[in-house]
Number of protein chains: 2
Amino acid sequence: MARTVAERSDVLPLLAEVFREHGYEGASLSLISKATGLGKGSLYHFFPGGKEEMAVAVLAEIDGWFEANVFRPLRETNDPRAAVATMFATTAEYFRSGRRVCLVGALSLSDARDRFAGRLRDYFARWVEALTAALARAGHGPEAAGAIAEEAVGGIQGAVVLARALDRPDVFERILTGLRARCLGTA
Amino acid sequence: MARTVAERSDVLPLLAEVFREHGYEGASLSLISKATGLGKGSLYHFFPGGKEEMAVAVLAEIDGWFEANVFRPLRETNDPRAAVATMFATTAEYFRSGRRVCLVGALSLSDARDRFAGRLRDYFARWVEALTAALARAGHGPEAAGAIAEEAVGGIQGAVVLARALDRPDVFERILTGLRARCLGTA
DNA sequence: TATCATTCGTACTGATCGGTACAGAAAGGC
DNA sequence: GCCTTTCTGTACCGATCAGTACGAATGATA
């Protein structure tokens, strides 16, 4: 049979898009097969655990991407204010101004939440922690930094929901602008 | 056969809970049947259009509840600051501090969004408009009122996502407290 | 060219999906 | 007392679900 992909990791972005668009339950194997161009044989070869293993792999890749591009910069930068600003720009681009759903957030609202509870909690907890640390280093008081970080991380998720429901990416941009100002405001 | 319910509206809250917990795709007729105690015969008697009609009816009821308990008070009150404060208290109770999912928001993130796009957009648009009007009457400038309203409505949705992912209702409460302060702050 | 593990398509399983058909029981009018 | 309308359970439909089995094609090695 014809070879289509060399690496399991090659299909993860395609897989992620299917889960984002259809959710965990809605992402049927036939949809996944169509989106990846892989038959069931290949799919179960790469992911013996089936759909659940596919979702875990996708979540791990997303987690790794945010760790490298968002969380770590927030923790390790020498210029926390610039790092916070970069975080908003990076996430706005990643979520395509609300046109792209946050898979972690969407799973948190679905009945698949319990299945992946630990990973979902971990993702958001590390995001809030990293942002809290950056805000504290930027001059916010310890308790205010945590509260603002929660408001910002939650606010980004809410911006995705609202922009998608209203079908208005400009609403996403405006909310993020407000959140950024709140993070960088009184230091 | 034994009669179980008298009115179609009696099953709407049960139906809503099934959709909230399992999403549109995940709410199978067998789950719905179990949750409502109604067989398929009764279900299709009340909702000839099947699942889609059930979801539409549930959305209409939710919309009606928010219109009566949240949107209209914001529009018609003589004390806009008190009305805004009441909105936060009412929604916190309705969403049970993030333990209960917002069905409208969850559907907006799912692949059922297109099916109900108009209703989802309408719900959030009216919420933002009503809150904008109240904030303007409370003394905010016209452009600031709109921006804060979007941030607040989105923020509530994000608070549900975050509190549910972290399994921490206190995060929901803290975020709402911050949003309320932002709405009532500099008037 | 022969070998061999890896990769892949297809056919299949049993279960469940949303929806339909229909017979029969309860309720209400008379 | 019927008799009509309103409700309700159950059996069934074709389609699709996640997952398994397995043979065939492939690419690397030799």
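Chain naming here is simple, since letters A, B, ... match the order of the sequence lines and numbering starts at 1 in each.
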| request: Mind calculating the distance between OH (B:Y44) and P (C:dT20) to the nearest angstrom? | output: 6 Å
| field | Verdict with reasoning, B:R168 to B:E173, per salt bridge (Lys or Arg N to Asp or Glu O under 4.0 Å) | value | CA-CA 9 Å; B:R168 285 185 53 192; B:E173 295 293 341; over 6 Å; no
| Where the side chain of A:F46 is defined as all heavy atoms beyond and including C-beta, which of D:dG9, D:dG19, C:dC8 is the nearest nucleotide? | C:dC8
| said: Assuming nearest nucleotide by heavy-atom distance, tell me which of A:S30 and A:P48 is located more 5' along DNA chain D. | reply: A:S30
| field | Nearest-Å distance for atom pair NZ/P, residues B:K34 and D:dT8 | value | 19 Å
| task | Give the rounded distance in Å between these two atoms: CG of A:L29 and P of C:dG14. | result | 19 Å
| said: In this structure, how many angstroms lie between the P atom of D:dA15 and the CD atom of B:E25, rounded? | reply: 20 Å
| task | Remember a base hit wins even if backbone is also touched, and classify A:K51 as base, sugar-phosphate or nothing at under 4.0 Å, heavy atoms. | result | sugar-phosphate
| remark: Result for 5'-nearest mapping on DNA chain D, choosing between B:H45 and A:A27, is B:H45
| remark: A:H22 NE2 to D:dT16 P, in whole Å, measures 15 Å
| task | Would you name the heavy atoms of B:A165 and A:S108 that are closest together and state the gap between them? | result | CB-OG, 3.3 Å
| Nearest listed nucleotide, side chain of A:K40, among D:dC7, C:dT10, C:dC17 | C:dT10
| request: Indicate whether OP1 or OP2 belonging to D:dG9 is found under 4.0 Å from a side-chain N or O atom of B:S42. | output: yes
| Do B:R100 and B:Y94 meet the cation-pi criteria used here (NZ or CZ under 6.0 Å from the six-membered ring centre, within 45° of the axis)? | yes
| said: If I take atom CG in residue A:L43 and atom P in nucleotide C:dG9, what distance separates them, rounded to the nearest angstrom? | reply: 10 Å
| Out of curiosity, B:I156 CD1 to A:L162 CG, how far, rounded to the nearest 0.5 Å? | 10.5 Å
| Roughly, in whole Å, what's the span from CD in B:E52 to C1' in C:dG18? | 12 Å
